[in-house]
Amino acid sequence: MGFAQRVYQVVAAIPYGRVTTYGQVARLAGSPRAARQVGGLLCRLPEGSRLPWHRVINRFGLCSLQGEDLQRQLALLQAEGVPAAADCPLDLARYGWPD
DNA sequence: AGGTTGACCGGTT
DNA sequence: AAACCGGCCAACC
């Protein structure tokens, strides 16, 4: 299985109401330095994908998206009880996906 | 075929 | 404390 498939599996396994970082997804996918590529993959997900891409944020606890996409991500997170905001970083110790 | 460009990160200056 | 640097992968010129 290739890198992309492993990333999809890891993202699919992020629990409801939790978030994780690009770096951790990369780590769990077996390629610790490939955080950027994780973003690249999620960026080009097909429209109707059932993958919980919105649970992946950056190492500062903020969403890396902008504009309309950012609003969509915030809404999805809020809908599952995660107090995500555009400006205020999430506490990863509280909402993060523990190893 | 080779260069560029990203939803990034960690370690080292 | 802030800037820098190399990695790693896929897609698109």
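Below, chain A is the first sequence line, B the second, and so on; all start at residue 1. Heavy atoms only: backbone and side chains are in, while hydrogens, waters and symmetry mates are out.
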Nearest non-hydrogen partners of F3(A) and A29(A), listed with the distance: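 For F3(A) versus A29(A), the nearest heavy atoms are CE1-CB, 4.4 Å.
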Considering all heavy atoms, the nearest C63(A)-L77(A) contact: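 Heavy atoms of C63(A) and L77(A) come nearest at SG-CD1, 4.3 Å.
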First and last nucleotide of DNA chain C, 5' to 3', lying under 4.0 Å from heavy atoms of chain A: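 Taking any atom under 4.0 Å from a heavy atom of chain A, the span is dG7(C) to dA11(C).
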Basic-acidic side-chain contact under 4.0 Å: E80(A), R55(A): yes
Nearest-nucleotide 5' precedence on DNA chain C, G2(A) against A35(A):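 It is A35(A) whose nearest nucleotide is closer to the 5' end.
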Upstream residue (5' side of DNA chain B) when Q24(A) and V38(A) are each assigned their closest nucleotide: V38(A)
Whichever of G23(A) and R36(A) has its nearest DNA chain B nucleotide further upstream toward 5':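 Closest to the 5' end, via its nearest nucleotide, is R36(A).
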R33(A) atom CZ, neighbour heavy-atom count above 12 within 6.0 Å: no
Hydrophobic cluster membership, L74(A) vs L45(A), 4.5 Å side-chain cutoff: yes
Same apolar cluster: I14(A) and L92(A), side chain cutoff 4.5 Å: no
Spacing of the P atoms in dG6(C) and dT4(B) (rounded, Å):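 Comparing P positions in dT4(B) and dG6(C) gives a spacing of 16 Å.
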C1' atoms of dG10(B) and dA10(C), separation to the nearest Å: 22 Å
Phosphate contact (dC9(B) OP1 or OP2) by R27(A) side-chain N/O below 4.0 Å: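 R27(A) to dC9(B) OP1/OP2: no side-chain N or O under 4.0 Å.
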Gap between atoms CZ and P, on R33(A) and dC8(B) respectively (whole Å): 18 Å
Side-chain heavy-atom pair V56(A), V19(A) within 4.5 angstrom cut-off: no
Sugar-phosphate only, base, or nothing, as touched by R6(A) at under 4.0 Å among non-hydrogen atoms: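 If one applies the 4.0 Å heavy-atom cut-off, R6(A) turns out to touch nothing in the nucleic acid.
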Touch class at under 4.0 angstrom, heavy-atom based, for Y22(A) against every strand present: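 Base, at least one base atom sits under 4.0 Å.
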Derivation and outcome, side chain to side chain contact (heavy atoms under 4.5 Å, CB included), residues L62(A) and I57(A): CA-CA 6 Å; L62(A) 294 168; I57(A) 65 181; over 6 Å; no
Contacting residues from residues 51-83 of chain A, given that a heavy atom lies under 4.0 angstrom of DNA chain C: none
Stepwise side chain to side chain contact (heavy atoms under 4.5 Å, CB included) check, S49(A) with Y8(A): CA-CA 11 Å; S49(A) 176; Y8(A) 297 147; over 6 Å; no
